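None of the values given here were measured: they were computed from a predicted structure. Both backbone and side-chain heavy atoms feed into the values below; hydrogens, waters and symmetry mates do not.
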Amino acid sequence: MQYLILIHDDPSAWAAMSEADQSAVMGEYFTYTGAIRDEGIMRAGAPLVPSPQAKLVRVRDGQQVVSDGPYAETREQLGGYYLVEVDSEEQAIAAAARVPSARWGTIEVRPVAEM
C-alpha cells in the first residue's frame with residue numbers, strides 16, 4: 001500500500017537555526033532519503049518551495065479566483081513529502097518517525113486511495 005508522508009513544520013524554526021545546524025539537518029535528510037531508497041520503499045519525494053510562493057486556486061460562480069497561499073492562520077506549513085510503498089500502516093508510521101523534522105514539526109501519514 002502507498003502512503004504519503006507529509007512534512008509540516010514551522011518555517012521560523014528553520015530560520016532560527018544557524019547555518020551549521022541547517023547543514024546538519026540537510027545532511028540528515030540526505031541520509032534519510034538514501035535509507036528509504038535503499039530499503040526499497042521510496043517511490044517519490046521532494047521538498048516544496050516556501051509557502052509564500054504558493055497560490056490557492058478556487059472556482060466560484062464559474063470564475064477562477066487565485067490568491068496567495070497558504071492560509072494565514074496556520075504556523076506549520078507543508079514543506080515536502082515522500083511517497084512510500086510499504087506492507088502496513090505501522091511501517092509507514094515508522095518511516096515517518098525517522099523524518100528529521102519530526103523532532104520539531106508534524107509528520108502526517110496518509111494512505112493513497114487506490115483508484
Side-chain angles (χ1 to χ4, degrees):
M1 179 166 215
Q2 290 188 334
Y3 290 84
L4 268 180
I5 295 174
L6 301 165
I7 303 163
H8 300 271
D9 59 23
D10 183 349
S12 65
W14 180 261
M17 288 183 195
S18 69
E19 284 187 36
D21 287 342
Q22 288 178 353
S23 291
V25 170
M26 288 309 298
E28 290 178 44
Y29 266 101
F30 292 134
T31 299
Y32 173 75
T33 301
I36 65 171
R37 186 175 288 129
D38 291 348
E39 292 165 18
I41 65 171
M42 182 176 168
R43 297 296 173 259
L48 300 175
V49 298
S51 292
Q53 296 178 44
K55 299 293 181 199
L56 302 174
V57 179
R58 297 175 180 88
V59 176
R60 300 292 185 264
D61 298 320
Q63 297 295 312
Q64 175 181 297
V65 179
V66 179
S67 58
D68 291 336
Y71 300 106
E73 306 90 51
T74 70
R75 258 190 1 170
E76 286 191 344
Q77 299 173 8
L78 181 61
Y81 73 94
Y82 289 96
L83 175 64
V84 297
E85 189 163 342
V86 293
D87 294 327
S88 68
E89 181 179 75
E90 291 77 20
Q91 282 183 291
I93 290 169
R98 293 167 33 207
V99 172
S101 59
R103 297 189 309 264
W104 62 83
T106 303
I107 311 303
E108 178 181 353
V109 176
R110 187 178 297 190
V112 175
E114 294 186 31
M115 302 291 285

Check against side chain to side chain contact (heavy atoms under 4.5 Å, CB included), D21 and E19: CA-CA 5 Å; D21 287 342; E19 284 187 36; over 6 Å; no
Check the orientation of Y82 and Y29. Use parallel for under 30°, tilted for 30 to 60°, and perpendicular for over 60°. parallel
Taking the side chain as everything from C-beta on, heavy atoms only, tell me whether [X] gets closer than 4.5 Å to [Y].
X    : Y    : result
I36  : R98  : yes
Q2   : L83  : yes
L78  : L48  : yes
I107 : S101 : yes
H8   : Q77  : no
S67  : K55  : no
W104 : M17  : yes

Donor-acceptor pair, side chain of Q91 and main chain of D87, under 3.5 angstrom: yes
Does any N or O in the side chain of E85 come within less than 3.5 Å of the main-chain N or O of Y3, such that one atom is a donor and the other an acceptor? no
Which residues pass the salt bridge (Lys or Arg N to Asp or Glu O under 4.0 Å) test with D10, sequence neighbours left out?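 Here the qualifying residues are R75.
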Non-neighbouring partners of R110 that pass salt bridge (Lys or Arg N to Asp or Glu O under 4.0 Å), sequence neighbours left out: E108
How long is the gap from OG on S51 to CD on E76, to the nearest 0.5 Å? 11.5 Å
More than 12 foreign heavy atoms under 6.0 Å from CD of Q22: is that the case here? yes
Passes side chain to side chain contact (heavy atoms under 4.5 Å, CB included), I5 versus V84? Steps please. CA-CA 7 Å; I5 295 174; V84 297; 3.9 Å; yes
Heavy-atom pair with the smallest gap, counting every atom of [X] and [Y]:
X   : Y    : value
M1  : P111 : CE-CB, 4.0 Å
A96 : A102 : O-CB, 4.1 Å
V66 : V57  : CG2-CG2, 4.4 Å

Using side chain to side chain contact (heavy atoms under 4.5 Å, CB included), reason through Y32 and V99 one step at a time and then give a plain yes or no. CA-CA 7 Å; Y32 173 75; V99 172; 3.6 Å; yes
Is E28 salt-bridged to R103, going by a charged N under 4.0 Å from an acidic O?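 Judged by the 4.0 Å cut-off on N to carboxylate O distance, E28 and R103 do form a salt bridge.
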Check for me, please, whether F30 and M42 land in the same ILVMFWY cluster - side-chain distances under 4.5 Å, paths through other members count. yes
Do I7 and V109 share a hydrophobic cluster (ILVMFWY, side-chain heavy atoms under 4.5 Å, transitive)? yes
